[in-house]
Amino acid sequence: MRFRSWKKLWKKAVTPMKLKTGIYWGAGCGGCDVAVLDVHEKILLVAEKMELLFWPIAMDFKYEDVEKMEDGEFDIVMYNGAIRNSENEEIAKLLRKKSKTMVALGACAHLGGLIAMANFHTRESLLNRVYLETESTDNPDSVIPAEKWKKGEEELELPAFHSTVKTLDQVVDVDYYIPGCPPVPDQIVSALVQVWEGKLPGKGSVIGAGERTLCDECPREKEEKSITEFKRPVDAIPEPEKCLLEQGFLCLGPVTREGCGARCIKTNVPCRGCYGPLEEVNDQGLRMLSALASVLEPKEEKAIDELISQLPDPLRTFYRFSAAASILRRKKV
Amino acid sequence: MKYTYYPGCSVTATANLYQESIDTVAPSLGIELEELDDWNCCGATAYMSVRELMSFAISARNLAMAEKFHRDLVTPCSACYLVLNKTNHYFNDYPDMRSKIGKALEAGGLSYSGNVRVRHILDVIVNDVDMEKISSQVTRDLKELRVAPYYGCQIVRPEMGFDDPDEPESMDRLIETLGAETVDYSMKTKCCGASLMGTEEKMALALCRDLLMDAQKKGAHCIVTLCPLCQMNLDIYQPKVNSLFKTDFKIPVIYITQLIGIALGASPAELGMKRLGVKVSGEMKRIIEGA
Amino acid sequence: MAVRIGVYICHCGTNIAGKVDIDEVVEFARGLENVSLVKDYKFMCSDPGQALLQKDVEDGLIDRVVVASCSPLMHENTFRKATERGGLNPYLFTMANIREQCSWVHLDGAETTDKAKDLIAAAVRRAFLLEPLTKREVPINPRTLVIGGGIAGIQAALDLAEAGKQVVLVEREPSIGGHMAKFDKTFPTLDCSACILTPRMVSVGQHPNIELMTYSEIEEVGGYVGNFNVTVRKKARYVDEQLCNGCGACWEKCPGTRVPRKGNVHEKLSLGPTTSIYMPFMQAVPAIPVIDAQTCLYLKDDQHKCGLCAKECERDAINYDMEDESVEFEVGNIIIASGFQTFDPSVIKRYGYDRLDNVITALQFEIMNCASGSTGGKIQKADGSEPEAIGIVHCVGSRDENYHEYCSRVCCMYSLKYSHLIKEKTNAEVYQFYIDMRCFGKGYEEFYDRLLTEDVRFVRGKVAEVTDVAMNEAEEGKLIVRVEDTLLGSVRRIPLDMVILSTGLEAHHSLKDVANKCNVSVGSDGFIIEKHPKLGPVATATDGVFLAGACQSPKDIPDTVAQASAASSAVLSMITREKIEIEAATAEVNEDKCSGCKLCNTLCPYLAVKFDEEKGVSVVNEALCKGCGTCVAGCPSGAISAKHFEDRQIFAEIEGIFSGLEYKTVSKPKG
Amino acid sequence: MLENEVCYEATLDHDFLDEIYSLPGGEEIKRCIQCGSCSGSCPQACQMDHAPRKIFSLIRAGFRDEVLESNTIWLCSSCYTCAVRCPKEIKITDVMYALKRLAIKEGKARKGRKAAVLSKNFVKMVNKYGRNHETELMTRYILEAELFNALHFVPQGMRLMMNGRLPVMPHKIKNLDQLRKIINKVEELGEI
Amino acid sequence: MTFEPKIVGFLCNWCSYTGADLAGTSRIKYSPNIRSIRVMCSGRIEPTFIVKALYEGADGVLIAGCHPGDCHYQEGNYKALRRYRMLRMILPGFGIEPERVRLEWVAASEGERFANVVDEFTDQIRDLGPLKVRDSLERILSEDAIPELEEAMEESGDANEA
């Protein structure tokens, strides 16, 4: 039976029992796992409250161990990484089945993440680029990984490489999201505290982050905006006190959820949007586009085009993390 | 100031005196003209009457070749100026034209993106050169010389934006900078009929007559022009006007660059003055030589 | 409780039913989610039609209403009211436009019915997400600001003042009167302009309910309908209005000259004295002179040597130390009546206005012809002699895409008037060069008819050029008009002594600024855009701001006066209401979501979105918001929503369009 | 058809306007208000069978032959005065070009025979050398169009020659091949 | 059978919607392929609306607002123009021809122009062919589907519901 009333369950489970926890790594860079470790001394707190049953990156577990578990046996599974291949998807579905609460951890599981920029290409072009065309590739026989490979009697099998990167909630039901690339360790802890204190918000919520956009916690001076030029951090050093957007640096802070502590901003680097948009926003990239276009200075078509042509790769800038979670999700073929 | 230079066919033949004077005065004005290699006919008036697209296509060949230099394309000929600009206009504003011209250029291994700014040499002299720099170089005193500026039609029309289509004044300004006097003269943009001279001679001669008459009446010593066709028309055909209309015009018709040369002290030979049909004589000769 | 949507499909006689298969659409609508009843009726906008939906609402059968009929611009209000009468919030109603944008524009066929279905499905989805909105009320300040003291402003101000309401009349010139004060006669009745205008000017000056501020300009307008805050800059006049009695001793002795003496002799044309201290014209209201600081010898000179006028003034009214002052006040409504300026023909070089003496503009002719003008009403050439032939060139700057595309509406008539006046005073031949004679007003065609019999020579053709180059003896020393007489098909050259350019009317150069300050828009022609070209010619998009006269479009005097009275009665109806409802479909900031990025602050054309420093969030002033939604689309965090046009409502509409049938193949309605 | 007769609609070509309208530059003719500022401005108007304004009204009414056979289109000297003065911004000169081409195409260029000959030879010259060779152009033109009048042209020719303004040899461009490829491609694409 | 595109129009209330109504009152016929959604100002039109319409099945999207300088709300149309220019830049990344989205200025008096714009745009989209973003996405995703597991999940889903 799948348990639906999470809060009730939690209250029952609060004290003596340790939370049976699983952490899994889909298509990601491993940064989220490191972020979990980065909670430093609080890991003790974690260890006290949680019993890690499954964490392939840190401990030796086999998929069979999970398959043998009861349905819903995990109290919580934190899945990081996007769904890139059939293995990611299968394990996601398996873990969903075995857990009471499924948390998407990090930008990839949440929105598709950097990996999802692959959605602007076809599977073939990606494989070709990586295995045949890169400048450093030496592949005289033009071998491209295949799903099935016969060697003598043995048949080897690899997970199928999907054409489209998906977010976790595009393949399984997700209860909560912890955003970030990677999530700020403190936020992970605070999210976990919410979990074991049973103070979780409604299903589908983002936890471990704020309710407004980054500008709220951004310490810079903000004025009314009118953009006349675009610059990249390589072109000029931003003034540290002034809103980056007003200076022409494309900062995604206005469309990005707060919670990270404006860490990039404080080191004079524009926000790239990894915490994703607020709930009301259904497409982070388009929302940024709309907001940004609103405050450009020129009115004539030519001048507009001239200005926006200064934006380097606007598509991937607006959708650096959220391509898979956008309305269109991928390039049409 | 460096420009790509498109002389046009006439300047290499009947208007060779124009070229000579340009060669003489350009360095003093700080204008560097680099001739566009292997340019072809602009596809002007007569061509356009028969084949429009073709005329744009061959015109675009010049533009395509000029585009890679990222400089303004300068021509001394009003007709070339008009046609090259018109090619740009049709190329940029009519997608169908653009694609056909594009395909034709492609056949010749060329491509054009519509970004060459075409300018007339008068525009360059008046707007890019510092007028004070010109007046500081004037060595001949021309204050007695009464000059009728004649712009003709195709430099200001259809509106190119650098001067008024009915009452241009850029050459007037230049003439005054050179120290000469411009005569108040209403015919400065009236058609001289050059393009009809071959086919409807009488009509063209009548138009020339009106022009010459107004200039004479207003006491002009000479007419200054900037178009090879206008110059040839008013100069070479002047005796014919006289014989047809029983008039007695002897008005030299010189190029603006020749006038600049005179003011700046160049010798008549350097300016191709001896190639004029109606030679400089009388009062004008006295003023120039006396100065 | 589940949402219950009622769908009402209008036949509009055969307007809709003739093209759209009503039965099929009814059947389709029944199948839509959340629709609990579907009815069709011959004319939904009729009383029984409205009663139909009203009753269903009253009976509690439905809680959302969709009417599929004509355009919402036509009957949205009608059905909103019916919905409200039924006891439901009027914003829980929406419309599907299956007439103007469906049955009327497509052919009879399946595709038209399909489109109607899609539009209804979209409306139903939208209706599902509609939310009740409440209108708010604000009180109205009964005082009114009238901008501009020409005949339009005078009329509007008097109408309001007579009704017992307070008016502030602001005029940029030293006297009210506007263009009309410069005219000698008015068409087509030829009655004396001064005789009909002066009494009205005097009434304005004396009316206890009118506060007159001449030589003043609007500096700032804040606030909103019913509650505007206005700042006016009173320019320094250097003459104390309280002390001066307008005796005229000052300008008698003034050595300065305001009107240049050199150049085109017609620049001397002036109605009042040409001195530096001057009265604009003798009937000026207020009858108080003003010093032109640019030419006043005292003010220009650091030594301040002159001071003659001060010496002459017995009442010590001259005050050289006077400075511009700002005055602030509050009003409830604004009437813009700031008028026009005439087109400057010097840009049309071929007409030689700058170059040729005796080429003059219409307004110059008016002044020349005016008995109190500097020629004493004598029609004369620059050299003072009487002209033998005068040409009047129509459409100068009008009906020409190089200048103004529109017809200026008054030039044909005033040109005819000039012909008559010239004939009356001189023996000159008069030529009218026109493209089309437009004599549309009351008595206008009759006036044209009269002029035809007065031996005016009419040449149909736009003048190609005016030149002084003579081609024969008869042309020597004359102005020659070259024109194709299009009715003959031949080009004519006509020698004349004087050419009057019938210059068109154009928006005053300051109009854009005035419009900006009052938060109304000007169109591509430069004139202020009215609320609706037909049904709202007096109002603007900004509530409480009304229009009168030529600031809206070129107009003659009767139309101007009519519009001025209309504007004042519109204002009166506002004032009488005492309170006004303001737009309910405004933008709204969710303060919990707003991060204070200030991105939206520049977007609002009405400055309704402001940053609240205390809360650190942006807030919408609902009284100012017009509900355009620009800030909503610009808000990066989704914290601003547009009531009645929320993202989710529009998304639902889009989904609705595609929720219906698979699209069928259709034929193209052409051929 | 124009002379003192009733013009029957059936004899007129009502597609003529659309044909002109579809040409680049011809889009605005429908908006002509017949003000006559083109005719008034035209230096040749008096010599024309129909002044430009009338040409437009003939086009609109469908008098195809009257328009294409008129001398008007051949007397236009491309001074563009009409075009800049037109209150409707009609590109009158460009329309005249279009009409010239149409007249040649339909064999109605009788009155423009000389102009057509000059133009055709001009094209020939450019296609042959890449540039115009004025000496050869005039020689060819005189031979073809003005043979009986040839002497008439001598004084001007002499005057030019004596002043060293009439080169004997043509100038051929280097990459004539490229130009011809462009020209051939245009042939293949067809005029618009 | 020719392909008949479906076009969504976003029209501003004051100029373009009124212009479209005028086409109606003047009975000017145009292609029935367009379904219009009324917003108060073209400045309200968010890129998400356009993309949503394309996603839901529109083959083309027409945005229409007041002519520059004529905006009822002063400058909303300029914002629409800027958003439109920027949106066009990123559409190719999603494999969508930017020509499928068009911005036009239609004044309240331009009923005929509205009809012409719709006809012309419909022709243009007809030439471009069907878009079907959603179908294409579903097709691609189905290639990625894992059949065995899918069935297993469905079974367990059924079991859960039971």
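Here is how names work: the chains are called A, B, and so on, in the same order as the sequence lines, proteins then strands, and each is numbered from 1. A quick note: this is a predicted structure, and the numbers were derived from the prediction, not measured.
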Within this structure, what is the [atom1]-[atom2] distance for the pair [X] and [Y], rounded to the nearest 0.5 Å?
{"X": "C/S521", "Y": "E/N77", "atom1": "OG", "atom2": "CG", "value": "9.0 Å"}
{"X": "E/Y73", "Y": "C/N519", "atom1": "OH", "atom2": "CG", "value": "12.5 Å"}
{"X": "C/N97", "Y": "E/S36", "atom1": "CG", "atom2": "OG", "value": "8.5 Å"}
{"X": "C/S71", "Y": "E/N13", "atom1": "OG", "atom2": "CG", "value": "8.0 Å"}
{"X": "E/Y55", "Y": "C/E655", "atom1": "OH", "atom2": "CD", "value": "10.0 Å"}

* Sort out for me which of E/I45, E/V39, E/T25 touches chain C most, counting heavy-atom pairs under 4.5 Å. =>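 Option with the greatest count: E/T25.
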| message | Can you tell me which of E/E46, E/M40, E/K79 forms the most heavy-atom pairs within a distance under 4.5 Å of chain C? | response |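 Of E/E46, E/M40, E/K79, E/E46 has the most heavy-atom pairs under 4.5 Å with chain C.
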Practice problem: Using atom types as modelled and distance alone, determine if a side-chain donor or acceptor of C/T630 lies under 3.5 Å from a backbone N or O of E/G76. | Solution: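 A pair under 3.5 Å: no.
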Donor-acceptor contact present, side-chain E/K52 to main-chain C/I654, <3.5 Å
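Checking the backbone N and O of C/I654 against the side chain of E/K52, no donor-acceptor pair under 3.5 Å is found.
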Heavy-atom distances under 4.5 Å only: say whether [X] touches chain C with side chain, backbone, both or neither.
{"X": "E/T18", "value": "both"}
{"X": "E/V8", "value": "side chain"}
{"X": "E/L11", "value": "side chain"}
{"X": "E/I28", "value": "backbone"}
{"X": "E/F114", "value": "neither"}
{"X": "E/C66", "value": "neither"}
{"X": "E/S109", "value": "neither"}
{"X": "E/A58", "value": "both"}

Q: Flag the pair E/F10 / C/I650 as yes when at least one side-chain heavy-atom distance between them is below 4.5 Å, and no otherwise.
A: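 When only atoms from C-beta onward are counted, C/I650 and E/F10 do touch, with a gap below 4.5 Å.
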Margin query: Would you say that E/R35 contacts C/I657 through its side chain, given a criterion of any heavy-atom pair below 4.5 Å between the two side chains?
Written below: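 The answer is yes; the side chains approach within 4.5 Å.
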query: Can a salt bridge be assigned to the pair E/R44 and C/D647 using a cut-off of 4.0 Å between side-chain N and carboxylate O?
result: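 The answer is yes: the pair qualifies as a salt bridge.
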Do any of residues 82-93 of chain E come closer than 4.5 Å to chain C, heavy atom to heavy atom, and if so which ones, in number order?
->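 E/R83 fall under the 4.5 Å cut-off.
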(request) Report the residue from C/E653, C/E100, C/E76 that forms a salt bridge (Lys or Arg N to Asp or Glu O under 4.0 Å) with E/R38. (result)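 Exactly one pass, corresponding to C/E76.
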Is it true that atom CD of C/E401 has more than 12 heavy atoms of other residues, nucleotides or ligands lying nearer than 6.0 Å?
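Yes, the 6.0 Å shell around CD holds more than 12 heavy atoms from other groups.
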| message | If you count every heavy atom of other residues, nucleotides or ligands that lies below 6.0 Å from E/E143 atom CD, does the total exceed 12? | response |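 Enclosed.
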Run the side chain to side chain donor-acceptor pair (under 3.5 Å) test on C/N516 and E/Q74 for me, step by step, so that the C-alpha distance in whole Å, both residues' side-chain angles and the decisive distance to 0.1 Å come before the verdict. CA-CA 9 Å; C/N516 266 342; E/Q74 296 180 7; 5.0 Å; no
If we count only N and O atoms by modelled type, under 3.5 Å, do the side chains of C/E111 and E/N33 hold a donor and an acceptor together?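 No donor-acceptor contact under 3.5 Å links the two side chains.
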**Item:** Derivation and outcome, side chain to side chain contact (heavy atoms under 4.5 Å, CB included), residues E/Y17 and C/Q101
**Value:** CA-CA 9 Å; E/Y17 198 87; C/Q101 298 193 20; 3.3 Å; yes
Q.
Taking every non-hydrogen pair under 4.5 Å, which of C/W104, C/F651, C/Y606 racks up the most with chain E?
A.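 The residue among C/W104, C/F651, C/Y606 with the greatest pair count is C/W104.
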task = Over all heavy atoms of both residues, which pair between C/F658 and E/A53 is shortest? Give the atoms and the distance, please.
result =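 So the two residues come closest at CE1-O, 3.9 Å.
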* To do: Identify the heavy atoms of C/C628 and E/C41 that sit nearest to each other, and give their distance.
  =>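 Minimum heavy-atom contact is O-CB, 3.6 Å.
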**OP:** Decide side chain to side chain contact (heavy atoms under 4.5 Å, CB included) for E/Y30 and C/H106; before the verdict, give the C-alpha distance in whole Å, the side-chain angles of both, and the deciding distance to 0.1 Å.
**Re:** CA-CA 6 Å; E/Y30 59 85; C/H106 306 317; 3.6 Å; yes
**Report entry** Contacting moiety of C/A541, where chain E heavy atoms sit under 4.5 Å
**Finding:**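 Both parts, heavy atoms under 4.5 Å.
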